[in-house]
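To start, the structure itself, in structure tokens.
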There are 2 protein chains.
Amino acid sequence: MPMTPARTGRHDREHIVGIALDLLDRYGLPDLTMRRLATELEVQPSALYWHFDSKQDLLAAVSDRILARIPAAEPGADLLVAAHAVRDALLSYRDGAEVVLSSAALRPGRSRAEDALRAALPTALPDAGLAATAVLQFILGHTTLVQQRMHGESHGAADSAVDPADGEDAAVFAAGIALLSRGAGLTPMLR
Amino acid sequence: MPMTPARTGRHDREHIVGIALDLLDRYGLPDLTMRRLATELEVQPSALYWHFDSKQDLLAAVSDRILARIPAAEPGADLLVAAHAVRDALLSYRDGAEVVLSSAALRPGRSRAEDALRAALPTALPDAGLAATAVLQFILGHTTLVQQRMHGESHGAADSAVDPADGEDAAVFAAGIALLSRGAGLTPMLR
DNA sequence: ACCTGAACACCGTTCAAGT
DNA sequence: ACCTGAACACCGTTCAAGT
């Protein structure tokens, strides 16, 4: 009994997406091209179009795999914990947030990310669905900016200006989630 | 006395950015290329590189012009009003949010958008600076997703699925700002 | 100071044809 | 079913040279 299912071709969608994620993490979104991906797979660029309709289609599949890293929704979980889980999934691949932000728009229904966040909101909240969407949009905006600064810094000149990126970004994220939590009726008062 | 200042060349940065904004609004960010911009200016592509170091440099200038549409910070203003002003500036050009999101990362200091939002937060708030940044990140994430869906819908198949985009997006935006407002101690209770 | 001309090293996508 | 080969219509950027 073979360990892998029978395939006539050399690659399937699942495998290609895995290699694409590898390239994304190593070289970043601007260098994740269909041609480089084809080279990595030792295949002609046109071969990719048998598996995917377009680069958009490929990126949507990549986006799904990034979001699949989010743990399942846990009712009654802390919102800060749930928000961190979503952010960490985006941070787990270079330019992950931008990939999701660029391809999430076309998706119709609710995403796994929204489910995890909604489960951490109080059931008494009038519009928990809208609130979960808003929280996700904050996380996507925040993480996209953070990852872009990472990218910019890596090949930029050493800047003498004050820029403690790590602490500052974490503080902004915590502040945003704190505001949203209190607005939702959670952790009502810090002082 | 001439109406325009003396220039030896045909174009300056200001003028080029104006034409770039025009192309952006008409064709969208993916079709705002250096070559198309050059064609529009009746110039060779290489001529643009006398005025701008790179396409990134050009897009940063475009981003600044979009953000310049935000009215000056008004202390004590309503947060919802200030947030709408920022969102409207982003919406005033096609793909405006994505342009700002993609080029804002490299900017070091405070932006005009953050100033306007901070002025609408209570002075008593402990970390008003962090809060203003978080609100801006929500607006950028939200508006980027909205504008992407606009783009996708325009040349997509007519979908029979429920998608009242207008009302839904506005509701999510209002819900997000409502949460952030209440979290900041404004409009403490709706019910 | 401002721009041309020409080149370099790439892109995404299509499509007939092979196996 | 899955991939090759070849082409089409593009990209951003550099750089010597012109005016």
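Reminder, nothing fancy here: chain letters follow the sequence lines and each chain counts from 1.
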Tell me the interatomic distance from His11(B), atom NE2, to dC3(C), atom C1', rounded to whole angstroms. 10 Å
Looking at Ala85(A) and Pro71(A), what are the two nearest heavy atoms and their distance? CB-CD, 3.9 Å
Indicate yes or no for a side-chain donor-acceptor contact from Ser63(A) to the backbone of Leu59(A) under 3.5 Å, with no hydrogens or angles considered. no
Closer than 3.5 angstrom, by distance alone: can the side chain of Asp57(A) be matched with the main-chain N or O of Phe52(A) as a donor-acceptor pair? no
Linking Ile, Leu, Val, Met, Phe, Trp and Tyr by side-chain heavy atoms under 4.5 Å, what else ends up with Val172(B)? Leu130(A)
With a 4.0 Å cut-off on N to O distance, would you call Asp169(A) and Arg87(A) a salt bridge? no
No-hydrogen, no-angle side-chain donor-acceptor test under 3.5 Å, Arg69(A) and Ser92(A): yes
I want to verify a distance call: between dT4(C), dT4(D), dC2(D), whose nearest atom is closest to the Val43(B) side chain? dT4(C)
Would you mind building the protein contact string for nucleotides 7-19 of chain D? One character per nucleotide, 5' to 3', B for base within reach (heavy atoms under 4.0 Å), S for sugar-phosphate only, - for untouched. B---BBBBB----
Arg10(A) CZ to dC3(D) P: how many Å, rounded? 6 Å
Under 4.0 Å between a side-chain nitrogen and a carboxylate oxygen: does that hold for Arg35(A) and Glu40(A)? no
Strictly below 4.0 Å: does His51(B) bring a side-chain N or O up to OP1 or OP2 of dC3(C)? yes
When the distance from CD of Gln44(B) to C1' of dC2(C) is rounded to whole Å, what number comes out? 13 Å
Watson-Crick or G-U pairs under 3.5 Å in DNA chain C, rendered as dot-bracket with [ ] for crossing pairs and | for another strand: ||.|||||...|||||.||
Ring centroids only, cut at 6.0 angstrom: are His84(B) and Phe173(B) within range, meaning strictly under it? yes
Could you point out which residue of Ile139(A), Leu67(A), Val135(A) forms a side-chain contact (heavy atoms from CB on, under 4.5 Å) with Val86(A)? Ile139(A)
Measuring to OP1 and OP2 of dC2(C), would you say a side-chain N or O of Arg13(B) lies under 4.0 angstrom away? no
Could you give the distance separating dC8(C) and dC11(D) at their C1' atoms, to the nearest angstrom? 12 Å
Using the C1' atom in both, what is the distance from dA16(D) to dC3(C), to the nearest Å? 13 Å
